[in-house]
S.K.: 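Pasting in a structure now, in structure tokens, and then I'll have a few things to ask.
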Amino acid sequence: MAGGVSPRTAAETGAQSDPQTGPETDLKMGFVGVLTAGSSIMKVFPRWAQALGLPTRRLAGHDLPLDASDADYRTLVAAIRDDPAHLGALVTTHKIGVFQAAAELFDEVDDFARLCGEISSISKDGGRLIGHAKDPVTAGLSLEEFLPPDHFRHTGADVVCLGAGGAGTALTWYLARRPDRPGRIVCTDVSAERLAHLRDVHVGGGLDPGVFRYERVESAGDGDRLVAAAAPGTLVVNATGLGKDRPGSPLTDGARFPEHGLVWELNYRGRLDFLQQALAQRAERDLTVIDGWRYFIHGWTQVIAEVFHLDLDAPAVERLAAMAQELR
């Protein structure tokens, strides 16, 4: 790919430039998830790898159940660490679990990963295992593509973030530090423990506690109530994973989205029940509805840049996005 990419040379990475020949054909990047085979990245990565001149086109899926044990996480991270052919990995769904169970196996963990207690990117540098939390960057890049710079100031709208896991933590962190900060960010989850962790992250990061409201939801109807009470123009986000890793939606079909609202489904594959609920009300409620495709693009390009020590500028990312769209 001409322009926009500054990779290390094959000599610097210790790998052959042609992934089909030579002694380094077992080189691979990993993908830690629940059902990784269904992700578009399995088709996209080889195309991206060829375009970027990466030392491998192999992406290895590491599937772990939603209730994976600490031992599962430690075994996986140790295997990545100890395999010289395994160059790193993107972690989805299991970001918090990887940090809580295996952070001590890393030689370095970045500041945001420590603050948020999550790892979404595993890379290596000079034999050292590095853990990063890339979600705040991913969330910011994706959000700014559809959210006007003065949206909250102009509309007085709120944010309702359904889900307090890794994605919800990163998104609410980013929004609270945005120049055009919403006046209220409502954070929901079925787990009181996750909400308490989220509150600790916000406080530990020096964010204004008056911005946040934490709501434990015991049923989808509880989510309906919070969305219905939101101001016009409110941003409503599905950060629960429901509709991808598990069936369903954090809302019922009777939920009413705020008029002129922005509805963001962070998933791009699966049944996407939440997305369908929003689309059904798009005309009536004058909604802007966004799926998770661009979040997927930014998430993967950020981690690939980290694993393969690349600098990818915006035009390079857009060229990669166009390739991915052809295979979507």
Side-chain angles (χ1 to χ4, degrees), residues 31-44 61-69 72-73 90-98 118 120 135 138-139 142 160-172 186-195 197-198 215-228 230 235-257 261-282 285 287 289-297 299-300 327-328:
F31 175 19
V32 181
V34 178
L35 296 171
T36 57
S39 176
S40 294
I41 197 63
M42 292 304 190
K43 295 182 293 182
V44 170
H62 303 294
D63 289 356
L64 292 172
L66 290 168
D67 60 350
S69 68
D72 292 331
Y73 291 127
L90 178 142
V91 182
T92 184
T93 306
H94 299 290
K95 303 165 193 171
I96 293 175
V98 167
E118 64 167 84
S120 60
D135 278 357
T138 299
S142 305
V160 178
C161 183
L162 304 166
T169 299
L171 178 61
T172 55
V186 180
C187 309
T188 81
D189 207 277
V190 298
S191 166
E193 181 181 358
R194 277 197 295 269
L195 285 171
H197 172 75
L198 180 60
E215 293 279 350
R216 185 183 179 192
V217 294
E218 297 183 357
S219 70
D222 292 336
D224 291 1
R225 172 178 52 81
L226 294 168
V227 169
L235 170 64
V236 182
V237 184
N238 177 24
T240 66
L242 285 172
K244 185 189 77 168
D245 297 326
R246 294 166 290 165
S249 166
L251 304 177
T252 74
D253 288 340
R256 298 285 285 172
F257 289 96
L262 299 101
V263 183
W264 191 11
E265 165 62 87
L266 292 189
N267 303 317
Y268 78 92
R269 65 181 174 95
R271 289 180 46 174
L272 302 180
D273 303 85
F274 176 86
L275 182 73
Q276 299 307 318
Q277 290 168 336
L279 290 173
Q281 297 181 39
R282 181 166 58 181
R285 308 292 287 174
L287 303 177
V289 182
I290 306 98
D291 73 4
W293 181 251
R294 293 292 296 185
Y295 188 77
F296 162 82
I297 295 293
W300 272 99
L327 299 172
R328 187 176 182 183

S.K.: Would you call Lys244 and Thr93 a side-chain contact if the rule is heavy atoms closer than 4.5 Å?
M.R.: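 The answer is yes; the side chains approach within 4.5 Å.
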S.K.: Against Thr36, only a single residue in Thr92, Asp63, Ile41 fulfils side-chain contact (heavy atoms from CB on, under 4.5 Å); can you say which?
M.R.: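 Option passing the side-chain contact (heavy atoms from CB on, under 4.5 Å) with Thr36: Asp63.
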S.K.: Report the distance from atom CD of Gln281 to atom CZ of Phe257, rounding to the nearest 0.5 Å.
M.R.: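 Interatomic distance, Gln281 CD to Phe257 CZ, rounded to 0.5 Å: 6.0 Å.
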S.K.: Under a 3.5 Å distance rule, please check whether Asn267 uses its side chain to pair with a backbone N or O of Leu242 as donor and acceptor.
M.R.: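 Yes, because the side chain of Asn267 sits within donor-acceptor range (under 3.5 Å) of the backbone of Leu242.
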S.K.: For residues Leu198 and Ala164, report the shortest heavy-atom separation together with the two atoms involved.
M.R.: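 Here Leu198 and Ala164 meet closest at CD2-CB, 3.8 Å.
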S.K.: Tell me if a side-chain donor or acceptor on Ser69 pairs with a main-chain N or O of Asp72 at a distance below 3.5 Å.
M.R.: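 The answer is yes, because a donor-acceptor pair under 3.5 Å joins these two groups.
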S.K.: Quick one: does Lys95's side chain have a donor or acceptor within less than 3.5 Å of a partner on Gly166's backbone?
M.R.: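 A pair under 3.5 Å: no.
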S.K.: Tell me whether Tyr268 contacts the main-chain N or O of Ser40 through its side chain, where contact means a donor paired with an acceptor under 3.5 Å.
M.R.: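 Checked: pair present.
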S.K.: Which is it for Val217 and Leu226 under the side-chain contact (heavy atoms from CB on, under 4.5 Å) test, yes or no, and what are the steps along the way?
M.R.: CA-CA 10 Å; Val217 294; Leu226 294 168; 4.1 Å; yes
S.K.: Show the nearest heavy-atom pair for residues Arg269 and Leu35, with the distance to one decimal.
M.R.: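 Heavy-atom minimum between the residues: NH2-O, 3.3 Å.
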S.K.: Could you grab the distance from atom CZ of Arg216 to atom CG of Asp189, nearest 0.5 Å is fine?
M.R.: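 The CZ atom of Arg216 sits 9.0 Å away from the CG atom of Asp189.
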S.K.: Using modelled atom types only, decide if a donor and an acceptor are shared between the side chain of Glu215 and the backbone of Asp222 within a distance under 3.5 Å.
M.R.: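 Side chain of Glu215 to backbone of Asp222: no pair is present.
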S.K.: Where do Leu251 and Gly223 come nearest, in terms of heavy atoms and distance?
M.R.: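 For Leu251 versus Gly223, the nearest heavy atoms are CD2-C, 3.5 Å.
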S.K.: Mind listing the closest non-hydrogen atom pair of Ala167 and Leu266 along with its distance?
M.R.: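 Heavy atoms only, the tightest pair is CB-CD1, 3.8 Å.
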S.K.: Quick one: are Phe274 and Leu162 in side-chain contact, heavy atoms under 4.5 Å?
M.R.: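 A side-chain contact exists here, since the closest heavy-atom pair is under 4.5 Å.
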S.K.: Is any side-chain heavy atom of Tyr295 closer than 4.5 Å to a side-chain heavy atom of Ile290?
M.R.: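 Tyr295 vs Ile290: side chains apart.
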S.K.: Report yes or no: do Thr169 and Glu118 form a side-chain donor-acceptor pair below 3.5 Å?
M.R.: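 Checked: Thr169/Glu118 side chains show no N/O donor-acceptor pair below 3.5 Å.
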S.K.: Is the closest side-chain heavy-atom distance between Trp264 and Leu171 below 4.5 Å?
M.R.: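 The answer is yes, as the side chains (C-beta and beyond) meet within the 4.5 Å cut-off.
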S.K.: Checking side-chain contact (heavy atoms from CB on, under 4.5 Å) against Glu265, which of Asp273, Val289, Asn238 comes through?
M.R.: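 For Glu265, the side-chain contact (heavy atoms from CB on, under 4.5 Å) check succeeds only for Asn238.
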S.K.: Under the criterion side-chain contact (heavy atoms from CB on, under 4.5 Å), I'd like the reasoning laid out for Asp291 against Leu272: C-alpha separation, chi angles, the key distance, then a yes or no.
M.R.: CA-CA 9 Å; Asp291 73 4; Leu272 302 180; 5.6 Å; no
S.K.: How would you list, by chain and number, every residue that makes a salt bridge (charged side-chain N to carboxylate O under 4.0 Å, His left out) with Arg246, sequence neighbours excluded?
M.R.: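 Expected list: none.
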S.K.: Test side-chain contact (heavy atoms from CB on, under 4.5 Å) on Val227 and Arg256 and set out the steps.
M.R.: CA-CA 7 Å; Val227 169; Arg256 298 285 285 172; over 6 Å; no
S.K.: Testing the basics here: between Val263 and Ala278, what is the closest heavy-atom pair and its distance to 0.1 Å?
M.R.: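 Residues Val263 and Ala278, closest heavy atoms: CG1-CB, 3.5 Å.
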S.K.: With no hydrogens and no angle check, is any side-chain donor or acceptor of Asp224 less than 3.5 Å from a backbone partner on Thr252?
M.R.: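 Yes, the answer is positive, given that a donor and an acceptor are paired below the 3.5 Å cut-off.
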S.K.: Does any N or O in the side chain of His94 come within less than 3.5 Å of the main-chain N or O of Val32, such that one atom is a donor and the other an acceptor?
M.R.: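 Looks like no, no N/O pair under 3.5 Å.
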S.K.: State whether a side-chain donor-acceptor pair under 3.5 Å links Thr138 with Asp135.
M.R.: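 Checked: Thr138/Asp135 side chains show no N/O donor-acceptor pair below 3.5 Å.
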S.K.: What heavy-atom pair brings Ala239 and Cys161 nearest, and what distance separates the two atoms?
M.R.: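 Heavy atoms of Ala239 and Cys161 come nearest at CB-SG, 4.1 Å.
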